[in-house]
Visitor: 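Before anything else, here's the structure in question.
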2 protein chains.
Amino acid sequence: MKPQRRIPAVAVRRLPLYLRVLEDLASEGVEVTSSADLANRSGYSSEQIRKDLAYFGAFGTRGLGYDVSQLTQHLRRILGLTAAVPVALVGAGNLGTALIRYASLGARDTYVAAVFDDDPQKIGTEISGLRVRPMEELQATLREQGIRIGVIAVPEQNARDVFEKLCAADVTAILNFAPTKLEKRQVSVQNVDLTTELQSLAYFALGAGSDRA
Amino acid sequence: MKPQRRIPAVAVRRLPLYLRVLEDLASEGVEVTSSADLANRSGYSSEQIRKDLAYFGAFGTRGLGYDVSQLTQHLRRILGLTAAVPVALVGAGNLGTALIRYASLGARDTYVAAVFDDDPQKIGTEISGLRVRPMEELQATLREQGIRIGVIAVPEQNARDVFEKLCAADVTAILNFAPTKLEKRQVSVQNVDLTTELQSLAYFALGAGSDRA
DNA sequence: GCTTGTGAAAACGTTCACAGCC
DNA sequence: GGCTGTGAACGTTTTCACAAGC
C-alpha cells in the first residue's frame, strides 16, 4: 500500500508474468511461495522480483515468503485487473482472430469485448461468438461499454486513421501491430512489430546468445 | 567497416526500423538523409541513431548526412539480410497464418520458407501457397534449406517440445509466442507474449503516458 | 554552416549485500 | 535460520556537448 514514485515501465511489464506464475502455483495448490521460487519459474532473478514488488508495497513476510492468493490479489489490483478488462480490437484478419482466441482462452484477466473492421465481407460475421462491427459503431460501442484499451491489427495504411478513431473514442492505451509510429499525449502506445522482430532475429542468428523479452 | 566490441542488443533491435525508414525514403526518391530526418521518421533521437550506427562503423559524411542507398546496404549487411532470410514456422493456426501473410507481404528481407504442424487436419493444406508439413519433416527440411531461424506459434503445452526440435535442427534464433520460458546456450530466444502485453496495457490505461516498443 | 562521430556526463535499471523481521 | 525489503554499488543505455570534417 506504500506509495512510491517513478516506477519504471519495464517493471510493470514484468508483473503480468509474475501474476501468471502465481496463478499456476495456486492451481497446483501451493499457498506460500518465495521470491526464489518465483525467480525459478519466471526466469527473472529473485532480487529483481523483490525490487519490482517493492515499487508498489511490501507484500511478503520476512523469513516466510509470500501468500500466493494475497500477492495475486495485490498484482491484480496494481495492474487494474480486479475485474476482467474489456479490450476493443480493430482488424478482423488472421492476426485479429488469433488475438481473440488468445485473449479469450489464455487469459482470464482481459478479454476482447468488441471487434471492428471496415471490410463489408467481414462485417456481420462472427469470430468465436463475437460479431464483427462496422467502424461507424466504434465510438458508440466503446463509450457504452467503457472500453479504454484498443488493439490495432490492421494493415499499415489504415493504422493512423484507426489510431485517431480510437483516441476520439477516449481509449487511453493501445497495442499496435502496425509498423507505424503512433503518438498522442495521454495515450500509452505499446508497439509490437513482427516484421522488425524477425529481422533483428537474423542478426542474432549469426552469433547467438540468449535473450529476454 | 570498423570493428567494435560489446554491441547492445537494444541497439540491434532498432536497426530494422531504421532500415524500414530508409526503404520508405528510397521509395519517395530521397537520396540523402540525416540523423535528424531519420529521428523524425523513426521516433528515436538523432543522437541515438548516430550512436547505434557508430557501433558498426562510420557511414555518413559530416556536414552532409547519409546516402540512403549506401546506408540501406550497410544495414542489410549488418543484420545479415543481404539475401532474403528463410524462416521456419511451427504452428499453422491463426497466429501462424497471420505471420505468413505479414512476413511475405510486408517484408522483403525475411520470408516463411516452411510451415509445420502436428494436426493431421492441417497437414497437407496450403496457406498462401505454402504446404503445411508434418513435424517429422522438420529436421530434414531445415537442414536441406539451411534455415537457422524458427518461429514458435503453438499452444503453451507444445512449446517446449517444439523448442527442443528446433534446437535439434540447428536453429540458432527463435521468435517465441508461447508464454513459456525457453533457454539454451547458443540459441537466441526472443519472446513475444501477447497475453502479458495486454495485461500490462491495463496498467498503462489507468494513468497513461507514451511508450516505445 | 551544417551534420557526423564520439568522449564524457547523466539517467536508468540490475545486482549485491545486508539489516530487519518473522 | 530463512526470506523480505532496500540502500549502495555496479553496469548499461541514453543524452549531452563539442571537435572533426565536408
Side-chain angles (χ1 to χ4, degrees), chain A residues 1-15 17-18 21-22 25 30-68 70-71 74-75 78 200 209-213, chain B residues 1-15 17-18 21-22 25 30-68 70-71 74-75 78 200 209-213:
Chain A
M1 295 286 183
K2 183 193 346 178
Q4 196 103 359
R5 68 212 156 233
R6 292 282 337 143
I7 295 164
V10 279
V12 173
R13 281 205 288 268
R14 283 188 291 260
L15 299 186
L17 179 54
Y18 305 157
V21 170
L22 286 165
L25 284 167
V30 178
E31 288 178 7
V32 175
T33 186
S34 65
S35 60
D37 187 23
L38 294 172
N40 259 319
R41 289 166 178 260
S42 68
Y44 293 109
S45 73
S46 59
E47 307 92 310
Q48 179 91 83
I49 292 169
R50 293 202 300 277
K51 254 289 193 266
D52 287 347
L53 296 176
Y55 286 118
F56 302 96
F59 307 123
T61 313
R62 294 177 194 220
L64 231 163
Y66 302 92
D67 179 276
V68 170
Q70 268 180 36
L71 187 53
H74 281 302
L75 287 182
I78 291 162
S200 55
S210 215
D211 212 7
R212 173 127 258 86
Chain B
M1 293 289 180
K2 183 194 345 177
Q4 196 102 1
R5 71 222 152 224
R6 291 281 336 144
I7 294 163
V10 279
V12 174
R13 281 204 288 269
R14 283 187 290 261
L15 300 186
L17 179 54
Y18 305 157
V21 169
L22 287 166
L25 284 166
V30 178
E31 288 177 7
V32 175
T33 187
S34 65
S35 61
D37 187 24
L38 294 173
N40 259 321
R41 289 166 178 258
S42 69
Y44 294 108
S45 73
S46 59
E47 307 92 310
Q48 178 92 83
I49 292 169
R50 293 201 301 276
K51 256 287 194 268
D52 287 348
L53 296 176
Y55 286 117
F56 301 95
F59 308 122
T61 312
R62 294 177 194 222
L64 231 163
Y66 301 92
D67 180 276
V68 170
Q70 267 179 36
L71 187 54
H74 281 302
L75 287 182
I78 292 161
S200 57
S210 215
D211 211 6
R212 171 126 260 93

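Labels below follow one simple rule: chain letters A, B, ... track the order of the sequence lines, proteins then strands, and each chain is numbered from 1. We use all heavy atoms of the structure for the numbers below, so side chains are in, but hydrogens, waters and symmetry mates are not.
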Visitor: Is Arg14(A) close enough to dT14(C) that one of its side-chain N or O atoms is under 4.0 Å from OP1 or OP2 there?
Guide: yes
Visitor: Could you state the interatomic distance from CG (Leu71(A)) to OG1 (Thr33(A)), rounded to the nearest 0.5 Å?
Guide: 8.5 Å
Visitor: Tell me which of Asp52(A) and Ser46(B) sits closer to the 5' end of DNA chain C, going by the nucleotide each one is nearest to.
Guide: Ser46(B)
Visitor: For Asp67(A), what residues pass the side-chain contact (heavy atoms from CB on, under 4.5 Å) criterion, not counting sequence neighbours?
Guide: Ser69(A), Gln70(A)
Visitor: Using a heavy-atom cut-off of under 4.0 Å over every strand shown, decide if Ser35(B) touches base, sugar-phosphate, or nothing.
Guide: sugar-phosphate
Visitor: Between Asp67(A) (CG) and dC22(C) (C1'), how many Å, whole number?
Guide: 15 Å
Visitor: Calculate, to the nearest 0.5 Å, the distance between atoms CG and OG belonging to Leu22(B) and Ser42(B) respectively.
Guide: 9.5 Å
Visitor: So how far is it from Leu53(A) CG to Phe59(A) CZ, rounded to the nearest 0.5 Å?
Guide: 6.5 Å
Visitor: What pair of heavy atoms forms the shortest contact from Tyr18(A) to Gln48(A), and how long is it?
Guide: OH-CG, 4.1 Å
Visitor: Can you list everything that forms a side-chain contact (heavy atoms from CB on, under 4.5 Å) with Ser46(A)? Sequence neighbours excluded, please.
Guide: Ser35(A), Ala39(A), Arg50(A)
Visitor: Show each protein N/O and nucleotides 9-12 of chain D N/O combination with a separation under 3.5 Å, one pair to a line.
Guide:
none

Visitor: side-chain contact (heavy atoms from CB on, under 4.5 Å) with Thr61(B): which residues, sequence neighbours excluded?
Guide: Leu64(B)
Visitor: Starting at CD1 of Ile49(A) and ending at C1' of dT6(D), how long is that distance when rounded to a whole Å?
Guide: 16 Å
Visitor: Any N/O pairs under 3.5 Å between the protein and nucleotides 15-18 of chain C? List them or say none.
Guide:
residue	atom	partner	partner atom	Å
dT15(C)	OP2	Ser45(A)	OG	3.4

Visitor: Can you check nucleotides 20-22 of chain D for protein contacts, nitrogen or oxygen pairs under 3.5 Å, and list what you find?
Guide:
residue	atom	partner	partner atom	Å
dA20(D)	O4'	Arg62(B)	NH1	3.4
dA20(D)	N3	Arg62(B)	NH1	2.9
dG21(D)	N2	Gly63(B)	N	3.2

Visitor: Rounding to an integer number of Å, can you tell me how far Leu53(A) CG sits from dT14(C) C1'?
Guide: 15 Å
Visitor: Between CD1 of Ile49(B) and OH of Tyr66(B), what distance do you get to the nearest 0.5 Å?
Guide: 8.5 Å
Visitor: Keeping to residues at least two apart or across chains, list the salt bridge (Lys or Arg N to Asp or Glu O under 4.0 Å) pairs with something in residues 35-46 of chain B.
Guide: Glu28(B)-Arg41(B), Asp37(B)-Arg41(B)
Visitor: Given atom OH of Tyr66(B) and atom C1' of dG5(C), what is their separation to the nearest angstrom?
Guide: 7 Å
Visitor: For Arg14(B), check salt bridge (Lys or Arg N to Asp or Glu O under 4.0 Å) against everything at least two apart and list the hits.
Guide: Asp52(B)
Visitor: Run the side-chain hydrogen bond (donor to acceptor under 3.5 Å, both in side chains) test against Glu31(A) and tell me which residues pass, sequence neighbours left out.
Guide: none
Visitor: Would you mind reading off the distance between Leu71(A) atom CG and dC3(D) atom P, rounded to a whole angstrom?
Guide: 16 Å
Visitor: Rounded to whole Å, how long is the line connecting atom CZ of Phe59(B) with atom C1' of dT3(C)?
Guide: 17 Å
